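This one's a predicted model, so the numbers in the text were calculated from it and none came from an experiment.
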Amino acid sequence: MAGIRVNTGVKRIEVNDDGDYITLSLSDNDFLNRFFALYENSQKMANEFSSSEAQIREKYQGDAETSAACLREVLSIYTEAGKNMMSEVDNLFGAGTCQKVFGDITPSFELYYDFFEQLTPYLQEFAKEKTQRMSKYSAARTGNV
């Protein structure tokens, strides 16, 4: 029996030395929108937590005896931020993504940005390929001028 297969644009990307991979659903417009929303949200969160850090450091300024308490408080907000991002990344790419990509840590914003930056070439390549594929459906080419 004859059949058809539609290329859904799912791209498998190896993310560690153990051969684990994540998938990008590049033809899913919702995936791309959610990816860019996640990136924008990460920047917003980083700014908010940076502001919170400044407030904490101001609270402890000049009190050398409480510097450990200051550090603990600052680390606490960034741990919370890392866990929030972990949840969002796993929600977008699938459960266990952060474990595969980062291992057994709560990643910092820098690590998330590195991850996003490494994904960018795949998104750019897909956009280029999509433009080429869509050109064959132009009105002039299909006779719907």
Side-chain angles (χ1 to χ4, degrees), residues 1-60 66-145:
M1 177 173 187
I4 63 169
R5 300 289 182 272
V6 175
N7 180 358
T8 59
V10 173
K11 183 85 169 167
R12 287 173 48 135
I13 301 171
E14 190 172 314
V15 293
N16 61 35
D17 292 337
D18 295 331
D20 291 327
Y21 65 91
I22 62 170
T23 58
L24 305 179
S25 299
L26 298 173
S27 288
D28 177 358
N29 289 329
D30 188 50
F31 172 82
L32 295 173
N33 284 330
R34 291 186 308 140
F35 175 80
F36 290 115
L38 172 62
Y39 183 77
E40 290 169 4
N41 188 39
S42 71
Q43 291 178 319
K44 180 181 173 187
M45 283 176 52
N47 289 336
E48 289 172 0
F49 282 97
S50 181
S51 176
S52 294
E53 177 184 356
Q55 291 173 357
I56 291 168
R57 291 191 182 281
E58 187 175 311
K59 179 172 83 172
Y60 287 97
T66 59
S67 63
C70 176
L71 182 58
R72 249 190 332 270
E73 221 175 304
V74 168
L75 290 174
S76 176
I77 65 169
Y78 282 109
T79 299
E80 177 187 342
K83 288 179 180 178
N84 289 344
M85 283 295 297
M86 192 180 280
S87 175
E88 291 191 32
V89 168
D90 280 357
N91 185 44
L92 178 61
F93 295 99
T97 295
C98 288
Q99 171 67 36
K100 293 175 190 177
V101 174
F102 304 113
D104 292 325
I105 65 169
T106 301
S108 65
F109 280 111
E110 292 84 4
L111 292 179
Y112 286 113
Y113 292 138
D114 183 37
F115 174 61
F116 297 150
E117 188 175 299
Q118 290 186 52
L119 290 176
T120 300
Y122 294 100
L123 300 175
Q124 291 171 334
E125 177 186 335
F126 172 74
K128 181 180 174 184
E129 290 172 2
K130 184 175 183 175
T131 300
Q132 291 171 346
R133 284 191 312 269
M134 291 305 294
S135 69
K136 71 180 179 182
Y137 300 112
S138 71
R141 183 154 183 215
T142 59
N144 295 333
V145 183

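Contact record, Ile77 with Val74: CG1-O, 3.0 Å, taken as the closest heavy-atom pair. The nearest pair of heavy atoms linking Ser25 to Val10 is OG-CG2, 4.3 Å. The nearest pair of heavy atoms linking Gly82 to Tyr112 is O-OH, 2.9 Å. Minimum heavy-atom separation, Glu73 to Tyr60: OE1-OH, 2.5 Å. Of all heavy-atom pairs spanning Phe49 and Tyr78, the tightest one is O-OH, 3.6 Å.
Expressed to the nearest 0.5 Å, how far OG of Ser42 lies from CZ of Phe115 amounts to 11.5 Å. To the nearest 0.5 Å, atoms CE (Met86) and NZ (Lys83) are separated by 8.0 Å. A distance of 11.5 Å separates CE in Met85 from CG in Asn91, rounded to the nearest 0.5 Å. Taking CG of Leu123 as the reference point, atom CZ of Phe36 lies at 5.5 Å (rounded to 0.5 Å). Going from atom CD of Glu125 over to atom NZ of Lys128 covers 8.5 Å, rounded to the nearest 0.5 Å. With rounding to the nearest 0.5 Å, the separation of CD in Glu110 from CD in Glu117 is 12.5 Å.
Residues Val101 and Val89 have side chains not in contact (no heavy-atom distance under 4.5 Å, counting atoms from C-beta outward). For the pair Leu24 and Phe35, the minimum side-chain heavy-atom distance is 4.5 Å or more. With contacts defined as side-chain heavy-atom distances shorter than 4.5 Å, the pair Thr97/Leu92 does not qualify.
A donor-acceptor pair is defined here as one N or O able to donate and one able to accept, closer than 3.5 Å; no such pair exists between the side chain of Asp18 and the backbone of Asp20.
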Kindly determine whether Asn47 and Gln43 satisfy side-chain hydrogen bond (donor to acceptor under 3.5 Å, both in side chains), including the steps that lead there. CA-CA 6 Å; Asn47 289 336; Gln43 291 178 319; over 6 Å; no
Would Lys11 and Thr23 count as a side-chain contact (heavy atoms from CB on, under 4.5 Å) if you check the C-alpha gap in whole Å, the side-chain angles of each, and the deciding distance to 0.1 Å? CA-CA 5 Å; Lys11 183 85 169 167; Thr23 58; over 6 Å; no
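For Phe31 and Phe93, the distance between ring centers is under 6.0 angstrom.
Under the side chain to side chain contact (heavy atoms under 4.5 Å, CB included) criterion, Asn29 pairs with Lys130, not counting sequence neighbours. For Glu48, the side chain to side chain contact (heavy atoms under 4.5 Å, CB included) partners are Lys44, not counting sequence neighbours. The side-chain hydrogen bond (donor to acceptor under 3.5 Å, both in side chains) check on Arg57 picks up Glu53, with sequence neighbours excluded.
More than 12 heavy atoms of other residues, nucleotides or ligands sit less than 6.0 Å from atom NZ of Lys100.
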